[in-house]
Protein chains: 2
Amino acid sequence: MASFKGQAEYSVDSKGRVAIPARMRNALNPEANNSFTITRGFEQCILLFPLDEWAKREAEIARLNTYRSEARGFVRTIMRWADEVTLDGQGRIVVPKSLIAFAGLEDAVLIIGVLDRIEIWDPGVFAAQAEQEADYSDVAERIFEMGRDM
Amino acid sequence: MASFKGQAEYSVDSKGRVAIPARMRNALNPEANNSFTITRGFEQCILLFPLDEWAKREAEIARLNTYRSEARGFVRTIMRWADEVTLDGQGRIVVPKSLIAFAGLEDAVLIIGVLDRIEIWDPGVFAAQAEQEADYSDVAERIFEMGRDM
DNA sequence: GGAATGTTCCCCACTTTTCCCCACTTGGCT
DNA sequence: AGCCAAGTGGGGAAAAGTGGGGAACATTCC
């Protein structure tokens, strides 16, 4: 699995292009074919999954029973926001307009490597979100008490 | 399987034609022969299945026990609305009048790729429908029984 | 039967968007 | 200083979406 880490503050140009940090580009498997599935996160941010990583997730989603209305709505929501993007010669991707609007992107973006995915945030949105979250060390205690996760 | 994804807002012209996004056209198998079976969805929307994908569904439907009146009605409803459409030279299909009325289409449509099918919605109808649905991340937790991923 | 009407299909023309390529700038390394 | 890798910006060709004309076919009405 690709292991992304670190953060960077880059710009979005007038064509909706965002450069992916070289460090993260180099972490891609050849099977990803320089491409990502881009989609929305649960929070107000954009997620990038390398193509090979996304394939696993999609296989899970496809197994859901679409004769159940709740599952149908869920699959619809996930796939609606998803799109495939490929790095251009300069290591950039074009972010779909709907996702730029969803994430509230303007000139600058915060790019964060999070294990199997890359997250793209508007810096302002991220700051507001981080503020709301409980204290980092408190959360850590709670998560690790459960023993198994992370 | 085709694996459609993404959304687009396009227009319906006076002849009932709707363009299918190039991204989704490119995802079609050659066996689909540039054709779809078009029918109504469970919600107030229109569904497009590539011909090859529809063949599998039809086989499933045909296996249902038609000595049960419920199954009989179900099969009748599906097949009653179904029709076959082919892409024209500009990548458009003609939507049957009955389905335009059913989905409440006017000038604009929202086209959504949902794995094995393409859905066509009236934007207003979709917004109303989406509002009723439970929160995305809540559903995700329930469906996958885990909240941390994605 | 034949004219009038309407529908379907194919083609052409226009506009907008997307994609690919080239060029410039900055900062780190030799 | 000079070179190279990385990020940023923009121009132009090609593709995608939109709208409409007109031939071919069918349908209805006289």
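Naming convention: chains lettered A, B, ... in sequence-line order (proteins, then strands); numbering from 1 in each chain.
We find that CD of E84(B) is positioned 16 Å from C1' of dT8(C), with the value rounded to whole Å. Across the protein-nucleic acid pair, M24(A) atom CE and dA5(D) atom P stand 21 Å apart, rounded to whole Å. The CG atom of D13(A) sits 15 Å away from the C1' atom of dA6(D) (whole-angstrom rounding). The distance from atom CD of E9(B) to atom P of dG17(D) is 14 Å, rounded to the nearest whole Å. Atom CG of D107(B) is separated from atom P of dT18(D) by 12 Å (rounded to the nearest Å). Between the CD1 atom of I100(A) and the C1' atom of dT18(C) there is a distance of 14 Å, rounded to whole Å. If you take CG of D88(B) and P of dC10(C), they are 8 Å apart, rounded to a whole angstrom. Here dT18(C) presents its P atom at 14 Å from CD1 of I93(A), a figure rounded to the nearest Å.
Checking the phosphate oxygens (OP1, OP2) of dC19(C), a side-chain nitrogen or oxygen of R23(B) falls inside 4.0 Å. At the phosphate of dT8(D), neither OP1 nor OP2 sits under 4.0 Å from any side-chain N or O atom of S14(A). Taking 4.0 angstrom as the limit, S11(B) places a side-chain polar atom (N or O) nearer than this to OP1 or OP2 of dG19(D).
Through direct or indirect side-chain contacts shorter than 4.5 Å among Ile, Leu, Val, Met, Phe, Trp and Tyr, L48(B) is connected to F4(B), Y10(B), V12(B), V18(B), I20(B), M24(B), L28(B), F36(B), I38(B), I46(B), W81(B), V85(B), L87(B), I93(B), V95(B), L99(B), I100(B), F102(B), L105(B), V109(B), I111(B), I118(B), I120(B).
Salt-bridge formation is detected for the pair D116(A)/R57(A): a Lys NZ or Arg NE/NH1/NH2 atom is positioned less than 4.0 Å from an Asp or Glu carboxylate oxygen.
A donor-acceptor pair is defined here as one N or O able to donate and one able to accept, closer than 3.5 Å; no such pair exists between the side chain of R40(B) and the backbone of T77(B). Side chain of R72(A) to main chain of T66(A): a donor-acceptor pair is present (N/O by atom type, distance under 3.5 Å, no hydrogens or angles).
Transitive grouping of hydrophobic side chains (ILVMFWY, heavy atoms separated by less than 4.5 Å) brings L64(A) and I112(B) into a common cluster.
In terms of heavy atoms, N33(A) sits closest to T86(A) at O-CG2, 4.5 Å. Across all non-hydrogen atoms, the minimal contact from A82(B) to T37(B) is CB-CG2, 4.1 Å.
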Within the sub-3.5 Å range, which N or O atoms of nucleotides 12-15 of chain C have a protein N or O partner, and how far apart are they?
residue	atom	partner	partner atom	Å
dC12(C)	N4	Q90(B)	NE2	2.7

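Nucleic acid contact class of I111(B) (heavy atoms, under 4.0 Å, all strands): none.
Judged by distance alone with a 3.5 Å cut-off, a donor-acceptor contact links the side chain of R17(A) to the base of dG10(D).
Along DNA chain D, the nucleotide closest to I20(B) and the one closest to K15(B) are compared, and the more 5′ of them pairs with I20(B).
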